[in-house]
Visitor: 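Here it is, the structure, as structure tokens.
Everything quoted here is computed from the prediction, not taken from an experiment. Here, residue 1 is the first one in the sequence, and each next residue gets the next number.
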Amino acid sequence: YWYGVLICLGAVLGLVLVTKIAKAEGQNPDTYVDFAIWALICGIVGARTYYLVFYEHSLRDFLGIRNGGLAIYGGIIGGTLAAIVYTRIKKLNLFKFTDTLVFGLLCGQIFGRWGNFVNREAFGSFTDSLFALAYKASTVAGLKINGSEGAYNGTLYPITEIGGESYIQVHPTFLYESVCNLCVLIFLLLYRKKKNYNGELTVIYCFAYGLGRFWIESLRTDQLKIGIFPVSMLLSGILVLVAIVVEIIMLVKNKKNREEIKTEESKIGIYRLLALSIMCILRSFHIGNSFFCIKYCQVGNTTKDYYMKL
């Protein structure tokens, strides 16, 4: 129940932010309103499919999302495919579109992650650090208590007794990711007017989120895996590498374009200076001729006026 509420809340707030940014940048806000429903549907379908393929290895319980079972990378993939199709149909610039859309995506992630807290899932390994989160052992589905330890997804947690209740202490990875996304959102809001090319905000998002998720995923105990490799860590690493390569290529390309423009402007400046010099010489020549004609020749008023205007 709360999972759906939080996802919808994030989607609504994200849409409000996206439409405001679109309007400020001279885009049509209705374009993003029309896309929102498709993004939400494709995102949820992608998130559920991704989770079932890599965790349950079956699509039988596709509609059973009341207790969680959504993977953000699947949602991003589903939303990205929807954006590609939508921009092709509407004949829009895909990368300019995603640069605006990424703000809504981050809002959805910031609020959606708290669904993991409500459902007591997607947390990390044991920790007794300042950020440790204590869960009642009885509220964590799948936790098996054996004496002074509890086992969850193959990971052992020391059991702490407080007031007759058993607790486990975990890394609140949902909180880490929510805060990480909030920081990325703030940075992009501050940087968006300084971007060097369409798609740069999307690239920065991929780099920042991929880097943060790689670290956060290493703390989680419910990783989706291919063999022994955590899928989300692999995707995060790929995202970071691709983002770095794309950013370097685009910055080099933009620098080269700016240098070419400066060279052309320099040439135009030289041509303008040469043309101005020639005009000055011709003007001086005509003025000189006018004095010669006025002083040494008998000319009519019309001819005299012509030379004096020059």
Visitor: For Ser138, does its backbone N or O pair with a side-chain atom of Ser166 as donor and acceptor, under 3.5 Å?
Guide: no

Visitor: Please find the pair of heavy atoms, one from Ala137 and one from Ile145, that lie closest to each other, and give the distance.
Guide: CB-CD1, 3.6 Å

Visitor: Could you tell me the separation between the CD atom of Glu121 and the OG1 atom of Thr173, rounded to the nearest 0.5 Å?
Guide: 10.0 Å

Visitor: Applying the 4.5 Å side-chain criterion to the ILVMFWY set and letting contacts propagate, would Leu15 and Leu185 be lumped into a single cluster?
Guide: no

Visitor: What is the distance from atom OG1 of Thr19 to atom CG of Asn28, rounded to the nearest 0.5 Å?
Guide: 11.0 Å

Visitor: Verify the distance criterion only: is there a donor paired with an acceptor across the side chains of Glu217 and Ser236 at less than 3.5 Å?
Guide: no

Visitor: First locate atom CG of Asn198, then atom CG of Leu94, and finally report the distance between them rounded to the nearest 0.5 Å.
Guide: 10.0 Å

Visitor: Are Tyr73 and Leu106 linked, directly or through other ILVMFWY residues, by side chains that come within less than 4.5 angstrom of each other?
Guide: yes

Visitor: How close do Gly104 and Val18 get, counting heavy atoms only, and between which atoms?
Guide: N-CG2, 3.3 Å

Visitor: Once salt bridge (Lys or Arg N to Asp or Glu O under 4.0 Å) is applied, what residue pairs with a partner in residues 14-28 remain, sequence neighbours excluded?
Guide: Glu25-Arg192

Visitor: Using residues 107-115 as the side-chain source, report each donor-acceptor pair under 3.5 Å to any protein atom, sequence neighbours left out, with the distance given to one decimal.
Guide:
{"residue": "Gln109", "atom": "OE1", "partner": "Tyr205", "partner atom": "OH", "Å": "2.8"}
{"residue": "Arg113", "atom": "NE", "partner": "Glu177", "partner atom": "OE1", "Å": "3.3"}
{"residue": "Arg113", "atom": "NE", "partner": "Glu177", "partner atom": "OE2", "Å": "3.1"}
{"residue": "Arg113", "atom": "NH1", "partner": "Asn116", "partner atom": "OD1", "Å": "2.6"}
{"residue": "Arg113", "atom": "NH2", "partner": "Glu177", "partner atom": "OE2", "Å": "3.4"}
{"residue": "Trp114", "atom": "NE1", "partner": "Ser178", "partner atom": "OG", "Å": "3.2"}

Visitor: Counting only pairs under 3.5 Å, give me each side-chain donor-acceptor contact of residues 84-91, with atom names and distances, residues two or more places apart or in other chains.
Guide:
{"residue": "Tyr86", "atom": "OH", "partner": "Thr31", "partner atom": "O", "Å": "2.9"}
{"residue": "Thr87", "atom": "OG1", "partner": "Ala83", "partner atom": "O", "Å": "2.8"}
{"residue": "Thr87", "atom": "OG1", "partner": "Ile84", "partner atom": "O", "Å": "3.1"}

Visitor: Can you sort out the partners of Tyr32 under ring pair (Phe, Tyr, Trp, His ring centres under 6.0 Å), two or more places apart, ordered by chain and number?
Guide: Phe97

Visitor: Begin from the C-alpha positions of Thr221 and Tyr157 and carry the test side chain to side chain contact (heavy atoms under 4.5 Å, CB included) through to its verdict.
Guide: CA-CA 11 Å; Thr221 60; Tyr157 294 85; 3.2 Å; yes

Visitor: How would you list, by chain and number, every residue that makes a side-chain hydrogen bond (donor to acceptor under 3.5 Å, both in side chains) with Thr98, sequence neighbours excluded?
Guide: Thr202

Visitor: The test is side chain to side chain contact (heavy atoms under 4.5 Å, CB included); show your working for Leu9 and Leu13 and say whether it passes.
Guide: CA-CA 6 Å; Leu9 177 62; Leu13 292 178; 4.0 Å; yes

Visitor: So which atom in Ala134 and which in Tyr167 form the shortest heavy-atom distance, rounded to 0.1 Å?
Guide: CB-CD2, 4.2 Å

Visitor: Is the backbone N or O of Thr155 less than 3.5 Å from a side-chain atom of Asn153, with the two atoms forming a donor-acceptor pair by type?
Guide: no

Visitor: Would you mind reporting whether Pro158 and Phe126 have side-chain heavy atoms less than 4.5 Å apart?
Guide: yes

Visitor: Minimum heavy-atom separation for Asn181 to Tyr209, with atom names?
Guide: OD1-CD1, 3.3 Å

Visitor: If you define the side chain from C-beta out and look only at heavy atoms, does anything of Ile168 sit under 4.5 Å from Ile159?
Guide: yes

Visitor: List the steps, then state whether side chain to side chain contact (heavy atoms under 4.5 Å, CB included) holds for Ile244 with Phe207.
Guide: CA-CA 7 Å; Ile244 291 173; Phe207 171 79; 3.9 Å; yes

Visitor: Could you tell me if the side chain of Leu133 sits less than 4.5 Å from the side chain of Phe174, heavy atoms only?
Guide: yes

Visitor: Partners of Tyr191 by ring pair (Phe, Tyr, Trp, His ring centres under 6.0 Å), sequence neighbours excluded?
Guide: Phe187

Visitor: Of all heavy-atom pairs between Ala71 and Tyr50, which one has the smallest distance, and what is that distance?
Guide: CB-CD2, 3.2 Å

Visitor: Under the side chain to side chain contact (heavy atoms under 4.5 Å, CB included) rule, what do Phe35 and Leu101 come out as? Steps first, then yes or no, please.
Guide: CA-CA 10 Å; Phe35 176 71; Leu101 204 62; 3.3 Å; yes

Visitor: Check side-chain hydrogen bond (donor to acceptor under 3.5 Å, both in side chains) between Tyr176 and all other residues, then give those that pass, not counting sequence neighbours.
Guide: His171

Visitor: If I compare all heavy atoms of Phe117 with all of Arg120, which pair ends up nearest, and what's the gap?
Guide: O-NH1, 3.0 Å

Visitor: If you count heavy atoms of other groups shown closer than 6.0 angstrom to CG of Asn146, is the number above 12?
Guide: no

Visitor: Donor-acceptor check, side chain of Asn254 to backbone of Asn196, threshold 3.5 angstrom: yes or no?
Guide: yes

Visitor: Got a sec, which hydrophobics cluster with Val246, joining ILVMFWY side chains under 4.5 Å apart, including via others?
Guide: Tyr197, Val203, Ile238, Val242, Met250

Visitor: Is Leu219 linked to Tyr152 within one hydrophobic cluster, defined over Ile, Leu, Val, Met, Phe, Trp and Tyr using a side-chain heavy-atom separation of less than 4.5 Å?
Guide: no

Visitor: Once side-chain hydrogen bond (donor to acceptor under 3.5 Å, both in side chains) is applied, do any residues pair with Ser129, and if so which ones, sequence neighbours excluded?
Guide: Thr127

Visitor: Who pairs with Glu149 by side-chain hydrogen bond (donor to acceptor under 3.5 Å, both in side chains), at least two apart in sequence or on another chain?
Guide: none

Visitor: Kindly work out whether a path of hydrophobic side-chain contacts (I/L/V/M/F/W/Y, heavy atoms less than 4.5 Å apart) joins Leu211 to Val184.
Guide: no

Visitor: Applying salt bridge (Lys or Arg N to Asp or Glu O under 4.0 Å), which residue pairs with at least one partner in residues 193-204 are found, sequence neighbours left out?
Guide: Asp99-Lys195

Visitor: Taking only residues two or more places apart in sequence, or in another chain, which ones meet Leu130 in a side-chain contact (heavy atoms from CB on, under 4.5 Å)?
Guide: none

Visitor: Could you see if Ile72 belongs to whatever hydrophobic cluster contains Val45? Use Ile, Leu, Val, Met, Phe, Trp, Tyr and a side-chain cutoff under 4.5 Å.
Guide: yes

Visitor: Do other residues, nucleotides or ligands put more than 12 heavy atoms under 6.0 Å from Phe95 CZ?
Guide: no

